[in-house]
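Notes for the one structure printed next.
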Amino acid sequence: MVGEEGAFVLGWDEVLTEEELSVALKVLCMSEEEFKEYKEQDGWEDDSEEEENSTLSNEALSRLKTPCKKLLYDSVLLTLESYGADLKAEQDLLNNKEAYEKLSRREQQALHVRYGQKKILHQLLELVQ
């Protein structure tokens, strides 16, 4: 369902692996009975046209049903906990020219990547609160 990486890809404006996230949310937010019915149907890939044509833009994420929002919110919190430092610490390091310049080029690039990832995750937290 999630692919080989076991992760969803988020961009600034939308979910880039929207089909995988849509299916995962749909299945994970089902009751046991709903899941049994869904599984017994011959149409795992035969979702309605409305679902196929919808995109998971930031606006659409903010309109998700409460159980899906809660699942995403908790997942983002777990992901953020896996980082060594929080967003503020990364931002402080980026703003501290002296400390930043002491980092190797590779460390600077990694800092920018981590900071960008955390900004996107914090944006998602706001959307699904």
Side-chain angles (χ1 to χ4, degrees):
M1 204 175 354
V2 183
E4 291 180 30
E5 295 295 317
F8 302 107
V9 180
L10 306 171
W12 285 109
D13 300 318
E14 65 187 11
V15 176
L16 302 176
T17 54
E18 64 185 271
E19 184 178 343
E20 292 89 344
L21 182 58
S22 292
V23 172
L25 288 174
K26 182 177 182 176
V27 170
L28 292 172
C29 292
M30 287 179 178
S31 68
E32 186 177 343
E33 186 59 36
E34 289 171 325
F35 179 71
K36 285 179 183 176
E37 279 182 38
Y38 189 67
K39 195 171 134 182
E40 288 172 1
Q41 292 177 2
D42 290 334
W44 272 91
E45 63 277 336
D46 293 341
D47 288 334
S48 71
E49 282 184 34
E50 177 184 316
E51 289 176 353
E52 287 178 7
N53 293 328
S54 69
T55 61
L56 282 178
S57 64
N58 288 349
E59 183 182 331
L61 287 170
S62 66
R63 291 190 317 257
L64 289 172
K65 294 178 183 176
T66 302
C68 293
K69 282 182 167 183
K70 173 83 170 111
L71 181 62
L72 276 176
Y73 188 86
D74 291 345
S75 298
V76 169
L77 287 180
L78 283 172
T79 302
L80 286 169
E81 287 175 10
S82 71
Y83 287 96
D86 64 4
L87 182 66
K88 173 108 174 69
E90 304 281 16
Q91 190 170 22
D92 290 345
L93 185 53
L94 283 167
N95 291 333
N96 183 336
K97 187 175 181 173
E98 186 178 309
Y100 180 80
E101 288 178 354
K102 288 182 181 177
L103 299 173
S104 71
R105 180 76 177 133
R106 187 176 190 155
E107 289 170 324
Q108 291 174 354
Q109 291 171 337
L111 174 62
H112 284 281
V113 169
R114 283 192 316 271
Y115 181 73
Q117 290 171 340
K118 290 175 188 178
K119 288 282 289 183
I120 289 172
L121 291 170
H122 279 275
Q123 176 182 289
L124 181 56
L125 281 178
E126 290 178 22
L127 291 169
V128 297
Q129 275 184 316

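Just so it is clear, the model here is predicted, and its values are computed rather than measured.
- Under the 4.5 Å side-chain heavy-atom criterion for ILVMFWY residues, a single connected hydrophobic cluster contains both W12 and L21.
- Residues Q108 and R105 have side chains in contact (heavy-atom distance under 4.5 Å, counting atoms from C-beta outward).
- The closest donor-acceptor contact from the side chain of E81 to the backbone of L78 lies at 3.5 Å or more, if one exists at all.
- When the options L71, L25, L127 are evaluated for a side-chain contact (heavy atoms from CB on, under 4.5 Å) with L64, the one that passes is L25.
- Contact check for V128 versus S62: no side-chain heavy atoms found under the 4.5 Å cut-off.
- Only one option out of E32, E33, E40 pairs with K36 in a salt bridge (charged side-chain N to carboxylate O under 4.0 Å, His left out); it is E32.
- Shown here is E59, whose CD atom has no more than 12 heavy atoms of other residues, nucleotides or ligands within 6.0 Å.
- If you run side-chain contact (heavy atoms from CB on, under 4.5 Å) between Y115 and each of K118, Q117, H112, K119, only K119 comes through.
- Between N58 and V15 there is no side-chain heavy-atom pair separated by less than 4.5 Å.
- The CZ atom of R106 sits 8.5 Å away from the CD atom of Q109 when rounded to the nearest 0.5 Å.
- Inter-residue side-chain proximity for Y100 and L111 is flagged as met; some heavy-atom pair is nearer than 4.5 Å.
- At a threshold of 4.5 Å between non-hydrogen side-chain atoms, the residues Y38 and K26 count as touching.
- Side-chain contact between H122 and L80 is present, with heavy atoms from C-beta onward closer than 4.5 Å.
- By the 4.5 Å heavy-atom criterion applied to side chains, L77 and L125 are counted as neighbours.
- Here the straight-line distance linking atom NZ of K70 with atom OG of S75 works out to 9.5 Å at 0.5 Å rounding.
- Interatomic distance, OG1 of T17 versus CZ of F8, reported as 6.5 Å (0.5 Å rounding).
- In this structure, the side chain of E101 does not engage the main chain of E98 through any donor-acceptor pair within 3.5 Å.
- Here the straight-line distance linking atom CG of L61 with atom CD of Q123 works out to 9.5 Å at 0.5 Å rounding.
- Residues E90 and Y83 bring no donor and acceptor atom of their side chains to less than 3.5 Å of each other.
- Side chains of V76 and Y73 form no contact here, defined as non-hydrogen atoms less than 4.5 Å apart.
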As a quick check of understanding, evaluate side-chain contact (heavy atoms from CB on, under 4.5 Å) for L121 and L87, giving each step before the final call.
CA-CA 10 Å; L121 291 170; L87 182 66; over 6 Å; no
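- Judged by distance alone, with hydrogens and angles left aside, the side-chain atoms of N96 form no donor-acceptor pair with the main-chain N or O of D92 at under 3.5 Å.
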How far apart are the C-alpha atoms of L16 and L10, what are their side-chain angles, what is the distance that settles it, and do they pass the side-chain contact (heavy atoms from CB on, under 4.5 Å) test?
CA-CA 6 Å; L16 302 176; L10 306 171; over 6 Å; no
